[in-house]
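Side chains included, hydrogens not; waters and symmetry mates left out as well; all remaining heavy atoms used.
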Amino acid sequence: MPVMEKLFTRRTYRRFRQKAVPQDVVEDLIEAVRISSSAANRQPVRLVIVNTPEAVAAVQPLVKWAAYLPPEQGAPKADEQPTLYAAVVDDTSLPGDHGVDLGIALANLTLAAWDKGVGSCIMGAIDKPALTELLHIEEPQKLMYMVAFGYPSHEAHLVPMTEETGVKYYLDENRDYCVPKRSKEEIARYL
């Protein structure tokens, strides 16, 4: 599938089939982060892989899902949980502002997953102190994001952003996500 097609279909997924992500796919995800572009080639991004059922279950109550939806609609039910998490960690011992590096690594990570049919959800609304302890993350490393992974059990569609929709995603009658996007004309201009 061409890259642009992958980009159009790589959305955030929040409900998953209960099928484990195979180890070779996990290794590809790690490799996607390893080879990410990085400012001054400092490579500050680290991962903590959470892939045992027990560890995934321990992470689950420490992350928040779908802020625009009521919890009963946005949070995955017991049979829809992710089967894998990756903690995205910043090595703060390295100089510089790592925000761009983290963004590039997250894009590589989620696109590599989608290339294998694995959906993802980047999560910033997380209990950082509890997760830092649970995942044994120590200074100078700092937990930045959690990314949930699994084989999606729903679809996600791009829809035009209107005055009525605004930016808030919503569920359609099939419980599929509808994600409003601004027009090209709104986000770009030519000189």
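The minimum heavy-atom distance linking Ala148 with Trp65 is given by the pair CB-CH2, 3.6 Å. Nearest heavy-atom pair, Leu143 versus Tyr145, reported as atom, atom and distance to 0.1 Å: CD1-O, 3.5 Å. Taking both residues in full, the closest heavy atoms of Pro61 and Ala57 are given as CD-O, 3.2 Å, listed atom of the first, atom of the second, then distance. Of all non-hydrogen atoms in Asp172 and Cys178, the two that sit nearest each other are CB-SG, 3.9 Å. Closest approach of Val33 to Ala105, counting heavy atoms only: CG2-O, 4.0 Å. Minimum interatomic distance between Pro76 and Glu80 (heavy atoms only, all atoms of both residues): CB-O, 3.4 Å.
Ser38 places a side-chain heavy atom less than 4.5 Å from the side chain of Pro44. Counting heavy atoms from C-beta on, the side chains of Glu5 and Val3 never come closer than 4.5 Å. In this structure, the side chains of Ser36 and Gln43 stay at 4.5 Å or more apart for every pair of heavy atoms. Residues Asp28 and Lys116 form a side-chain contact, since some pair of their non-hydrogen atoms from C-beta on lies under 4.5 Å apart. The side-chain heavy atoms of Val88 and Leu47, taken from C-beta on, include a pair separated by under 4.5 Å. Between Val159 and Val179 the shortest side-chain heavy-atom distance does not fall below 4.5 Å. Pro95 places a side-chain heavy atom less than 4.5 Å from the side chain of Arg42. Contact check for Leu134 versus Val59: side-chain heavy atoms found under the 4.5 Å cut-off.
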* Audit row: Thr110, Arg10, side chain to side chain contact (heavy atoms under 4.5 Å, CB included) steps and yes/no -> CA-CA 8 Å; Thr110 57; Arg10 197 226 52 82; 3.7 Å; yes
* **Residues Glu155, Tyr13; criterion side chain to side chain contact (heavy atoms under 4.5 Å, CB included); working and verdict** => CA-CA 8 Å; Glu155 293 184 14; Tyr13 292 93; 5.6 Å; no
* To do: Show your reasoning for whether side chain to side chain contact (heavy atoms under 4.5 Å, CB included) applies to Met123 and Lys64.
  => CA-CA 7 Å; Met123 308 171 107; Lys64 305 271 187 290; over 6 Å; no
* To do: I would like to know whether Met161 and Val167 meet side chain to side chain contact (heavy atoms under 4.5 Å, CB included); could you show each step before the answer?
  => CA-CA 7 Å; Met161 185 171 24; Val167 297; 3.6 Å; yes
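The same ILVMFWY cluster, assembled from side-chain heavy atoms under 4.5 Å apart, contains both Ile137 and Met146. Both Val26 and Val147 are part of a single hydrophobic cluster, where members link through side-chain heavy atoms under 4.5 Å apart. Taken together through direct or relayed side-chain contacts under 4.5 Å among Ile, Leu, Val, Met, Phe, Trp and Tyr, Leu158 and Met4 form part of one hydrophobic cluster. In the hydrophobic clustering of this structure, Leu84 groups with Ile30; members are Ile, Leu, Val, Met, Phe, Trp, Tyr whose side-chain heavy atoms approach within less than 4.5 Å, directly or through other members. Follow the hydrophobic side-chain contacts under 4.5 Å out from Val56 and you reach Leu131 in the same cluster.
Enclosure of atom NZ in Lys184 is not indicated, since only 12 or fewer non-hydrogen atoms of other residues, nucleotides or ligands lie within 6.0 angstrom. Sparse packing is recorded around NZ of Lys168, with 12 or fewer heavy atoms of other residues, nucleotides or ligands lying under 6.0 Å away. The neighbour count for Lys128 NZ, taken as heavy atoms of other residues, nucleotides or ligands under 6.0 Å away, is above 12. No more than 12 heavy-atom neighbours from other residues, nucleotides or ligands sit within 6.0 angstrom of CZ on Arg182.
A donor-acceptor contact closer than 3.5 angstrom links the side chains of Ser93 and Asp91. Using modelled atom types and a 3.5 Å distance limit, the side chains of Thr9 and Trp114 yield a donor-acceptor pair. Checked by atom type, the side-chain pair Asp90/His98 shows a donor-acceptor distance below 3.5 Å. Side-chain atoms of Tyr85 and Gln60 include a donor-acceptor pair closer than 3.5 Å.
Residue Thr83 holds its OG1 atom at 9.5 Å from NZ of Lys19, rounded to the nearest 0.5 Å. Atoms CD1 and CE, from Ile126 and Met144 in turn, are 9.0 Å apart once rounded to the nearest 0.5 Å. If you take OG1 on Thr132 and CG on Asp127, they are separated by 8.5 Å, rounding to the nearest 0.5 Å.
The main-chain N or O of Pro129 is never found under 3.5 Å from a side-chain atom of Glu133 such that the two would form a donor-acceptor pair. At least one donor-acceptor pair closer than 3.5 Å links the side chain of Arg11 to the backbone N or O of Phe8. With Glu27 contributing its side chain and Asp24 its backbone, the two residues share no donor-acceptor pair below 3.5 Å. Side chain of Asn108 to backbone of Ala32: a donor-acceptor contact under 3.5 angstrom is found. Checking side-chain atoms of Asp101 against main-chain N and O of Ala39 turns up a donor-acceptor pair under 3.5 Å. In this structure a side-chain-to-backbone donor-acceptor pair under 3.5 Å is missing from Thr165 to Pro180. Looking at Gln73, its side chain never comes within 3.5 Å of a backbone N or O of Leu171 through a donor-acceptor pair. Side-chain N or O atoms of Arg15 include one that pairs as donor or acceptor with a backbone N or O of Arg175 at under 3.5 Å.
In this structure, His154 has its ring center closer than 6.0 angstrom to the ring center of Tyr177. No close placement of the Phe16 and Tyr151 rings is indicated, their centers lying 6.0 Å or farther apart.
For Arg17, the salt bridge (Lys or Arg N to Asp or Glu O under 4.0 Å) test picks out no residue, with sequence neighbours left out.
Residue Phe149 forms a side chain to side chain contact (heavy atoms under 4.5 Å, CB included) with just one option from Leu109, Asn51, Val50, Ile49, and that option is Leu109.
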